[in-house]
Visitor: 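My questions will all concern the structure given below.
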Amino acid sequence: MGLELYLDLLSASCRAVYIFAKKNGIPFDFQFVDLLKGHHHSKEYIEINPLRKLPSLRDGKFILSESVAILFYLSRKYSTPSHWYPPDLHGRARVDEFMAWQHTAIQLPMNKMLWMKLLIPMITGDEVPAEKTEQMLAEVKNNLKLFEEKFLQDKMFITGDNISLADLVALVEMMQPMAGNHNVFLNSAKLAEWRMRVELAIGSNLFLEAHDRLVKLAEWDCSTLDPMVKERICDLLQKFK
Amino acid sequence: MGLELYLDLLSQPCRAVYIFAKKNGIPFELRTVDLRRGQHLSDAFAQVNPLQKVPVLKDGDFILTESVAILLYLARKYKVPDHWYPRDPQACARVDEYLAWQHTTLRRNCLRALWHKVMLPVFLGEPVSPEMLATTLAELDMALQVLEGKFLQDKAFLIGPHISLADLVAITELMHPVGAGCQVFKGRPKLAAWRQRVEAAVGEVLFQEAHEVILKAKDSQPADPSLKQKMLPKVLAMIQ
């Protein structure tokens, strides 16, 4: 049994791992865990990851969760080109710094945007109060400003002249609200240009392929949603109210 | 100018960085940034870190934020003993896994427990409803269950037989609710035993020293109204 990656490309963390593995020709079995059907709550998947989160990696007996950990593991095991996770102290630290910051500053708000703009209205039939949406938009705007001023600055990529894991993770996360028709790249030429560079470095075909399920999310017939998942989503809505 | 660390030991991530540097004999200049006086919001500190947060590392012209990144930088630059961040790929991955997981879970819950139980009412004079506090403590409880059930299990330390960065980050987080008066180790003998081991591995004296400030958190002087006005929105954003 070779390397297995448990993924649903609706998740930004999964897209980062998928793109990285594909780009570097790392052979793996794609184990699709359908979030929309609640398969992350299945008995089979709970055995892989009792926290019921994606992505997970299984390498023989070794099971690993957390996309950042998975990306580092893959880069080391398959000796990927050094620009992905630079060996020099400073370059490496810059990637680590972004990877730590992004959990709460980028990933969480971008996901919340998708919930607020698309999933909650679609699934519950209720809109999120405008005040909460405004608050979230302001937070996203502020954090993207910090991203530009602190992490990107006037460089081509976060660590300098070459793409790294930090750019990959940043971009897939910023793509998340696209499914809710919210394009964070519209307001900033700098961000839009950086996005183009990252997409080119990854390869447009691979990038598009990885984002196909996400961009089609609005077309999904949510009447097929697993009732347990629907219940959890309604609970989530309460938190936003 | 040698290595500088901008810290306030009130902050969980600062404690981890402080203990790690001291334990490993890494020479540094301590630059105290008094959070309760709002020093992190000053123009002077914004020159060091525009994100207005601690900890910050300054090594010559190189400035680094985020405690996890700082810990890894120090571990690599000063070639600390292997057990802190092992060379073995699977052991290393386990440390990475814990350090990634904790940001939005244990870290967040420990922070909220301190602020909801002590700092908002005592320092900022903002009451917190019993329902809010109860919810926060219940969420903390769930994170502790994962810490014990998924990460620690029957091992001596989080990733195996030796202390690593994962244990250091975890213990300094847990001291936040301890400082708030929460009995996080009560009814959790496995976790309590792990705590003893971590303290012993760090060294009792250093551990006490690093935690003196947080253990006195409930004695915080109330912030004056202008500081409160400046800090409250940022605190609320930080603990959401």
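Reminder, nothing fancy here: chain letters follow the sequence lines and each chain counts from 1. Computed from heavy atoms alone, side chains included, the values below leave out hydrogens, waters and symmetry copies.
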Visitor: Calculate, to the nearest 0.5 Å, the distance between atoms NZ and CH2 belonging to B/Lys53 and A/Trp101 respectively.
Guide: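 So the NZ of B/Lys53 and the CH2 of A/Trp101 are separated by 9.0 Å.
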Visitor: For B/Leu74, is it the side chain, the backbone, both or neither that has a heavy atom under 4.5 Å from a heavy atom of chain A?
Guide: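 Contact with chain A involves no heavy atom of B/Leu74 at all.
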Visitor: Name the option with the most non-hydrogen atom pairs under 4.5 Å to chain A; the candidates are B/Leu99, B/Val68, B/Leu64, B/Leu57.
Guide: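 Sorted descending by pairs with chain A, the first entry is B/Leu64.
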Visitor: If you look at every heavy atom in A/Ala69 and B/Ala93, which pair is closest and at what distance?
Guide: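 What the structure gives for the nearest pair is CB-O, 3.9 Å.
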Visitor: What's the verdict on side-chain contact (heavy atoms from CB on, under 4.5 Å) for B/Tyr73 and A/Arg92, showing C-alpha distance, side-chain angles and the deciding distance?
Guide: CA-CA 8 Å; B/Tyr73 178 85; A/Arg92 184 151 289 205; over 6 Å; no
Visitor: Could you check if a side-chain atom of B/Phe62 sits within less than 4.5 angstrom of a side-chain atom of A/Arg94, using non-hydrogen atoms only?
Guide: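 The answer is yes, as the side chains (C-beta and beyond) meet within the 4.5 Å cut-off.
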Visitor: Can you tell me if NZ on A/Lys230 sees more than 12 non-hydrogen neighbours from other groups inside 6.0 Å?
Guide: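 Open.
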Visitor: Does A/His83 have more than 12 heavy atoms from other residues, nucleotides or ligands lying within 6.0 Å of its NE2?
Guide: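 Yes.
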Visitor: With a 4.5 angstrom heavy-atom cut-off, which part of A/Ile70 approaches chain B: side chain, backbone, both or neither?
Guide: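 Neither part; nothing is under 4.5 Å.
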Visitor: Kindly state each residue pair satisfying salt bridge (charged side-chain N to carboxylate O under 4.0 Å, His left out) with at least one member in residues 137-157 of chain A, sequence neighbours excluded.
Guide: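 Passing the test, one end in residues 137-157 of chain A: A/Glu97-A/Lys150, A/Lys145-A/Glu149, A/Asp154-A/Lys190.
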Visitor: So which of B/Ile70, B/Thr104, B/Leu51 has the biggest tally of heavy-atom pairs under 4.5 Å with chain A?
Guide: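 Max contact count across the listed options: B/Leu51.
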Visitor: Does any backbone or side-chain atom of B/Leu72 lie under 4.5 Å from a heavy atom of chain A? Answer side chain, backbone, both or neither.
Guide: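 The answer is the side chain of B/Leu72.
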Visitor: Kindly compute the distance separating CD (A/Gln107) from NE2 (B/His103), expressed to the nearest 0.5 Å.
Guide: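 Going from the CD atom of A/Gln107 to the NE2 atom of B/His103 covers 10.5 Å.
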Visitor: Is atom CD of A/Glu231 surrounded by more than 12 heavy atoms (other residues, nucleotides or ligands) closer than 6.0 Å?
Guide: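 It does not: A/Glu231 CD has 12 such atoms or fewer within range.
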Visitor: Heavy-atom distances under 4.5 Å only: say whether B/Lys150 touches chain A with side chain, backbone, both or neither.
Guide: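 The answer is the side chain of B/Lys150.
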Visitor: So for atom CE, which belongs to B/Met142, do other residues, nucleotides or ligands contribute more than 12 heavy atoms lying within a distance under 6.0 Å?
Guide: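 Open: at most 12 neighbouring heavy atoms sit under 6.0 Å from CE of B/Met142.
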Visitor: Give the minimum heavy-atom separation between B/Pro89 and A/Tyr73, together with the two atoms involved.
Guide: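 It is O-CD1, 4.0 Å.
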Visitor: Mind listing the closest non-hydrogen atom pair of B/Ala69 and A/Ala93 along with its distance?
Guide: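 For B/Ala69 versus A/Ala93, the nearest heavy atoms are CB-O, 4.0 Å.
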Visitor: If I measure from the heavy atoms of chain B, does A/Leu89 come under 4.5 Å with its side chain, its backbone, both, or neither?
Guide: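 Its backbone and side chain both get close to chain B.
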Visitor: Would you say CG of A/Asp88 has more than 12 non-hydrogen atoms from neighbouring residues, nucleotides or ligands within 6.0 angstrom?
Guide: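 Yes, the 6.0 Å shell around CG holds more than 12 heavy atoms from other groups.
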Visitor: Taking 4.0 angstrom as the limit, do B/Arg76 and A/Asp96 come out as a salt bridge?
Guide: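 Between A/Asp96 and B/Arg76 there is a salt bridge, with a charged N closer than 4.0 Å to a carboxylate O.
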Visitor: Counting neighbours of CD on B/Gln153 that are heavy atoms of other residues, nucleotides or ligands and sit closer than 6.0 Å, is the number greater than 12?
Guide: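 More than 12 within 6.0 Å, yes.
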Visitor: May I ask you to list the residues in residues 53-68 of chain A that approach chain B closer than 4.5 angstrom, counting heavy atoms only, ordered by number?
Guide: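 The stretch touches chain B at A/Phe62, A/Ile63, A/Leu64, A/Ser65, A/Glu66, A/Val68.
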Visitor: Looking at A/Glu47, I want to see if its CD is surrounded by more than 12 non-hydrogen atoms of other residues, nucleotides or ligands under 6.0 Å.
Guide: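 12 or below, so no.
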